[in-house]
There are 2 protein chains.
Amino acid sequence: MKNVSDKVMMVKQGITNLCYGFFSTLANPTRLAIIETLSERPMSVTEIVESIGQEQSMVSHNLRPLVQCNFVQVRREGKHRIYTLNQETIEPLLETVQNHFEKYCGNGVNCPHRDWSETSSME
Amino acid sequence: MKNVSDKVMMVKQGITNLCYGFFSTLANPTRLAIIETLSERPMSVTEIVESIGQEQSMVSHNLRPLVQCNFVQVRREGKHRIYTLNQETIEPLLETVQNHFEKYCGNGVNCPHRDWSETSSME
DNA sequence: TCTTCATATGAAGAATGTTTCATTCAAATA
DNA sequence: TATTTGAATGAAACATTCTTCATATGAAGA
């Protein structure tokens, strides 16, 4: 890195590209389900498979981008690979989402992906 | 809404679907560029078009999900439509992304979408 | 009302992303 | 080392999302 102003420029200019990778990785139901189940506790692939009810191959495929983005970490443990959630990033992220949800989408009226809004119209 | 435990269940179960809409809307370079430029000041469509250098039609198409998700708001002003960023959600969100970036992706090594990592390997 | 400027919309082709199936790899244990 | 178990990988079929082009809408001014 040449100097500070280069770094500033990089960060400024890079926000769009940076965020694109970040959010693309999160914009997938299987990966979100993995995140959700790992928020309970670290798990092996087999445990994740059982927990979210998807094929092993699919879970593996979706774990890769999560690891590459450092949303989860892996360690080997005998025959198993244990996946752990990066709470430090995920927690504040989900808190922001939930705040937004409660404030702006409370009754599910104006959201583009409507699946979840049906869940919330149970009053 | 029936009671508190129903609400808890809804929030708990709904996180995956909720986040999916949220993150899908953000997982797009054009929409991120719109967000980035609107972080400067509110703008009309024409101004956004000039600022990010994309076709008017494309900007319009991409503004819709941003509005529906309440990431931006619109008001009419004479002939124009002025789009304003919802700072309340976007600011903490980008802060989390940037923290993550600095901590885990500082040298761009392990990220799945590599476009931006080239920008950062300029040392 | 006719025209113009600003923006939105629809639809089709192009580009990306996801899912599945078959196969491979790697560690443990017999 | 052969076998078994746990997990990753590759490729093709399938699905979703983007981009573009043409057209429509709607407000303001002539």
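Chain letters run A, B, ... following the sequence lines, proteins first and then strands; every chain starts at 1.
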Residue pair A:L38 / A:L66, side-chain heavy-atom distance below 4.5 Å: no
Which residue lies more 5' along DNA chain C, comparing A:A27 with A:R81 via nearest heavy atoms: A:A27
Just the atom pairs and distances: protein N or O near nucleotides 9-11 of chain D's N or O, under 3.5 Å.
| from | atom 1 | to | atom 2 | distance (Å) |
| --- | --- | --- | --- | --- |
| D:dT9 | O4 | A:S57 | OG | 3.1 |
| D:dG10 | O6 | A:H61 | NE2 | 2.6 |

Which residues share a side-chain contact (heavy atoms from CB on, under 4.5 Å) with B:N86, sequence neighbours left out: A:H100, A:Y104, B:Q73, B:E88, B:T89
Non-neighbouring partners of B:V49 that pass side-chain contact (heavy atoms from CB on, under 4.5 Å), sequence neighbours left out: B:V45, B:Q56, B:V59
Nearest-nucleotide comparison on DNA chain D, the residue closer to the 5′ end among A:V59 and A:K79: A:K79
Euclidean distance, atom NE2 of residue A:H80 to atom C1' of C:dA27 [Å, nearest integer]: 10 Å
Salt bridge (charged side-chain N to carboxylate O under 4.0 Å, His left out) partners of residues 41-56 of chain B, not counting sequence neighbours, each pair once: B:R41-B:E47
Nearest-Å distance for atom pair CZ/P, residues A:F23 and D:dT17: 18 Å
Pair partner, D:dT3 [Watson-Crick or wobble, under 3.5 Å]: C:dA28
Value in whole Å for how far the P atom of C:dA6 lies from CE of B:M43: 16 Å
Candidates C:dT19, C:dA26, D:dA8 - which lies nearest the side chain of A:N62: C:dT19
Side chain proximity check, B:L94 to A:C19, heavy atoms < 4.5 angstrom: yes
Nearest-angstrom distance from the residue atom CD1 of A:I34 to C1' of C:dT18: 13 Å
Short side-chain N/O contact from B:Y83 to OP1 or OP2 of C:dA6, under 4.0 Å: no
B:Y20 side chain near C:dT18 phosphate (N/O to OP1/OP2, under 4.0 Å): no
Among C:dA8, D:dA27, C:dA6, the nucleotide that comes nearest once only the side chain of B:L63 is considered: C:dA8
Spacing of A:N28 atom CG relative to D:dT17 atom P, expressed in whole Å: 11 Å
B:P42: side-chain contact (heavy atoms from CB on, under 4.5 Å) partners, not counting sequence neighbours: B:I82, B:T84
Under the side-chain contact (heavy atoms from CB on, under 4.5 Å) test, residues paired with B:S51 that sit two or more places apart: B:T37, B:M43
Sorted by number, the residues of residues 47-54 of chain A with heavy-atom contact under 4.0 Å to DNA chain C: none
Which residues share a salt bridge (Lys or Arg N to Asp or Glu O under 4.0 Å) with B:R75, sequence neighbours left out: B:E77
Residues forming a side-chain hydrogen bond (donor to acceptor under 3.5 Å, both in side chains) with A:S57, sequence neighbours excluded: none
Short side-chain N/O contact from B:R76 to OP1 or OP2 of C:dA6, under 4.0 Å: no
Atom-to-atom span, CD of B:E55 to P of C:dT7 - whole angstrom: 15 Å
